[in-house]
2 protein chains.
Amino acid sequence: MLTQQKTFTQQAVAVDVVLFTTIEDTLQVLLVARQQDPYAGQLSLPGGIVEREESVDEAALRVLKEETAITDVYLEQLYTFGEPSRDPRDRVVTVTYYALVNAEQLDTAAGSWHAVEELSDLAFDHQNIVQYAQERLRNKLNYTTIGFQLLPERFTLTELQNVYEVILGQRLDKRNFRRKMLQLDILEETDEFKINGRQRPARLHTFRQAKGMKLQERGLVVTF
Amino acid sequence: MLTQQKTFTQQAVAVDVVLFTTIEDTLQVLLVARQQDPYAGQLSLPGGIVEREESVDEAALRVLKEETAITDVYLEQLYTFGEPSRDPRDRVVTVTYYALVNAEQLDTAAGSWHAVEELSDLAFDHQNIVQYAQERLRNKLNYTTIGFQLLPERFTLTELQNVYEVILGQRLDKRNFRRKMLQLDILEETDEFKINGRQRPARLHTFRQAKGMKLQERGLVVTF
DNA sequence: TTATATTAGTGTAGTAACGACACGAATTAA
DNA sequence: TTAATTCGTGTCGTTACTACACTAATATAA
């Protein structure tokens, strides 16, 4: 119950963002090196303090923009971590987000990409946060179309399958995968092909939102 | 990125809890009447400010205990709402939770139960929060076993089906429902029956956690 | 004691989704 | 022209899902 005072106990509220991309058949996250203590020199998620005049979602977008100069991004709130001991300096409640980008579209990133399977020694509880983001991503892949956020506008079905295999961590049957995707009625063939050296060219497709699968439940910022 | 200062911008962090139960074939939420402005006299979710020495989860449990004197409860974090304008007095970021109890086990509640389908004029953005909690509950019912949290330890299959029907908002086929539940291998027959007047008595079952369905992903406080 | 009203409890058949599986087509480089 | 590589396609068996109706067990009222 809210107290009768005009002001309440105050504490710092932060956002941290797990930005995923796929590079060469691995799932990668953007990390930045911390400049000062605590955890100086260690890698951490891009994050920052929520200012009083911005929403928490806006803070997450701002942090992403500061670190990567990207604005077109799938962004979804993940979980709020509120253990008093998670920041050694002061009580900081952090609202975490995860985001998906196609690495090709990224101009520059202040941080660097790291394979999620090879992370070690992240600052704070950021390793846990990445792991939870990965679980969420894996689950959502099965009943939404967020996977397309990791691809350019036009892509081959093999590229799409690679996204699914990388996130799910297992190989998929090519024919079954294509049958399932095509019958969702969310893909559109283009007249163009991707030429890949001395192989048969692969037809490029585009994604169009349709019935059957939903992209999001709430709170997402998406631009196509 | 965290600033170099030792202290950060501070703001109030609250928790609000959507406590669900089922009463007579309707889904109900616990609401309390606000004593003072803003929204004095209107109904609101039980909630409170997170103190500096407790985790956000602990704050949610504390609030529940203050309002209902219950401690054995399924509790799961829902979403964090951080629009600057959502509280007219001051910036308040609220971390919301939802909880499930069996109404029969509840001793006393400071608030009162209200059918979710008939809510109106809740304080703050609490109507949105209830609606989102209801969506989450509906989704989770399909791939977890949280539904059992709304039942006493021993229950009939018809009572179980009622829980599913009330949450999903649709009638289910009795034979298909029972076949599906039984083959999950999470129910145990007891030797006892529930006698319901001039009808055939119904066998009581108990729930036991098993493979196949998972109860939770993270952050839950559960006691059986 | 018998009849009636009410909910409990059970099986089948048709359909749709899923998983496993192999080969010809198109291209480039040698 | 040949070799190497990835693209793109269909079938069959199994499993899961949907729709659907009657008998069993009890309490009450006649």
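The chains referred to below are lettered A, B, ... by the order of the sequence lines, with proteins before strands, and numbering in each begins at 1.
When rounded to the nearest whole Å, the span between NZ of A/K180 and C1' of C/dA20 equals 15 Å. Between the CE atom of B/M181 and the P atom of C/dT10 there is a distance of 16 Å, given to the nearest Å. Across the protein-nucleic acid pair, B/F177 atom CZ and D/dC17 atom P stand 13 Å apart, rounded to whole Å. Atom CD in A/Q161 sits roughly 14 Å away from atom P in D/dT9 (whole-Å rounding). Rounded to whole angstrom, the span from the CD atom of A/Q183 across to the P atom of D/dT9 amounts to 15 Å. The distance between atom CZ of B/F155 and atom P of C/dG9, rounded to the nearest whole Å, is 12 Å. For the pair A/D173 CG and C/dC23 C1', the computed distance is 14 Å after rounding to whole Å. Residue A/L160 contributes atom CG, which lies 15 Å from atom C1' of D/dC7 at whole-angstrom precision.
With salt bridges taken as basic N to acidic carboxylate O contacts below 4.0 Å, one links B/K140 and B/E76. Using a 4.0 Å cut-off between charged side-chain N and carboxylate O, A/R62 and A/E58 make no salt bridge.
Using a 4.0 Å heavy-atom cutoff across all strands shown, B/T158 reaches sugar-phosphate atoms only and no base atom.
Between the side chains of B/Q161 and B/E165, at least one donor N or O lies within less than 3.5 Å of an accepting N or O. Using a 3.5 Å distance cut-off with no hydrogens or angles, the side chains of B/T96 and B/D16 do not pair a donor with an acceptor.
The aromatic rings of A/F148 and A/F207 sit parallel to each other, their planes meeting at less than 30°, with 60° as the upper class boundary.
Annotation: proximity of residues 187-198 of chain B to DNA chain C (heavy atom, distance under 4.0 Å) is found for B/R198, numbered in ascending order.
No donor-acceptor distance shorter than 3.5 angstrom exists from the side chain of A/D125 to the backbone of A/N128, with no hydrogens or angles considered. Under a 3.5 Å cut-off, the side chain of A/T21 and the backbone N or O of A/A103 do form a donor-acceptor pair.
Of the candidate nucleotides C/dC18, C/dC21, C/dG9, C/dG9 has the atom nearest to the side chain of B/R178. When distances run from any side-chain atom of B/N176 to the nucleotides C/dG9, C/dC21, D/dT18, the shortest one goes to D/dT18. The side chain of B/R179 approaches D/dT18 more closely than any other nucleotide in the set C/dG9, C/dC21, D/dT18. Closest to the B/R200 side chain, of the nucleotides C/dC18, C/dG9, D/dT6, is C/dG9. Distance from the side chain of B/K174 is smallest to C/dA8 among D/dT5, C/dC18, C/dA8.
Checked by distance alone, B/R175 brings a side-chain donor or acceptor within 3.5 Å of a matching partner on the base of D/dA21.
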